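To start, the structure itself, in structure tokens.
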Amino acid sequence: KAQQTQQQQAAAQPAAAGDAQPQDSGQLKPVETPKSDDSAATQNVPEFATSRELYNYAFQLLNQNKYPESGAGFGAFTKRYPKDPLIGNAYYWMGETYYVQRDYVRAADDFRKGYEAMPTGPKAPDNLLRLAMSLNVMKKDREACIILKQIVVKFGHNSGNMKRRAEQEMTSIGCNK
């Protein structure tokens with residue numbers, strides 16, 4: 001019964017196609033959680049009537065800092081609705097759940113998939129930025145620098161803020177040395 005109430009509350013919150021952010025987006029803190037089998041985790045995600053209800057459910061879990069559960073929800077979304085307009089966002093947020101759990105390999109993979117799924121979508125530059133940041137943490141600075149330069153070229157004219165963020169990361173990593 002509590003799970004049904006939680007599902008109904010999640011379904012009642014609207015999904016935003018653009019820059020949907022968790023309530024405390026600046027407050028996502030790295031946590032240590034045990035690694036689990038993704039396929040088993042996504043099988044435990046409840047069924048919903050629409051893709052938006054599932055997306056909102058996973059997003060609500062993210063807002064509650066329930067990162068493994070949120071990641072499983074977004075994982076189920078990407079499997080069940082691969083052509084949904086929010087697919088790039090779902091991969092982004094799934095990547096974020098891994099990033100805060102310090103699973104940078106999985107995070108990088110999800111950010112990459114998010115960009116590949118929607119290279120011109122609203123989360124495309126964010127997916128690339130977080131992919132570069134994940135690669136940097138994994139000591140793959142050369143690859144990170146290539147991606148950051150792509151952000152400046154592909155998205156710098158649309159978003160001065162994204163260009164600045166990419167340039168700050170490039171400086172931090174030492175891409176221009």
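Everything quoted here is computed from the prediction, not taken from an experiment. Hydrogens, waters and symmetry mates play no part in the numbers below; they use all other heavy atoms, side chains included.
For the side-chain contact (heavy atoms from CB on, under 4.5 Å) test, residues two or more places apart in sequence or in another chain that qualify with Thr78 are Ile87, Ala90, Tyr91, Met94. Residues satisfying the side chain to side chain donor-acceptor pair (under 3.5 Å) criterion with Glu116, sequence neighbours excluded, are Arg112. Residues passing the side-chain contact (heavy atoms from CB on, under 4.5 Å) test with Ser172, sequence neighbours excluded: none.
Considering all non-hydrogen atoms of both residues, Arg80 and Pro46 come closest at NH1-O, 3.1 Å. Nearest approach of Pro119 to Ala124, heavy atoms of both residues: O-CB, 3.4 Å. What you find for Thr97 and Gly71 is that their closest heavy atoms are OG1-CA, 3.5 Å. Nearest heavy-atom pair, Leu129 versus Met162, reported as atom, atom and distance to 0.1 Å: CD2-SD, 4.1 Å. When all heavy atoms of Tyr81 and Thr50 are compared, the closest pair comes out as OH-C, 3.8 Å.
Note that CG of Leu131 and CG of Asp110 are 10.5 Å apart. Values are rounded to the nearest 0.5 Å. Taking CG from Leu62 and OG from Ser70, the interatomic distance works out to 4.5 Å, rounded to the nearest 0.5 Å.
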Derivation and outcome, side-chain contact (heavy atoms from CB on, under 4.5 Å), residues Glu96 and Phe74: CA-CA 11 Å; Glu96 282 294 318; Phe74 285 119; over 6 Å; no

Check against side-chain contact (heavy atoms from CB on, under 4.5 Å), Tyr55 and Trp93: CA-CA 10 Å; Tyr55 183 93; Trp93 292 118; 3.4 Å; yes

Stepwise side-chain contact (heavy atoms from CB on, under 4.5 Å) test for Met118 and Lys123: CA-CA 8 Å; Met118 295 202 66; Lys123 280 291 189 199; over 6 Å; no

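Side chains of Glu53 and Tyr57: no donor on one and acceptor on the other come within 3.5 Å.
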Can you list, pair by pair, the side-chain donor-acceptor contacts under 3.5 Å of residues 134-156, counting residues two or more places apart and other chains?
residue: Ser134; atom: OG; partner: Arg130; partner atom: O; Å: 2.9
residue: Lys154; atom: NZ; partner: Tyr115; partner atom: OH; Å: 2.9

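Ring centroids of Tyr104 and Tyr98 are separated by 6.0 Å or more, keeping the two rings apart.
Note on residues 48-141: no pairs pass disulfide bond (SG atoms under 2.5 Å apart), not counting sequence neighbours. Under the salt bridge (Lys or Arg N to Asp or Glu O under 4.0 Å) criterion, the residue pairs touching residues 155-166 are Asp126-Arg165, with sequence neighbours excluded.
Inter-residue side-chain proximity for Met133 and Phe111 is flagged as unmet; no heavy-atom pair is nearer than 4.5 Å. Using a 4.5 Å heavy-atom cutoff, the side chains of Arg52 and Leu86 are in contact.
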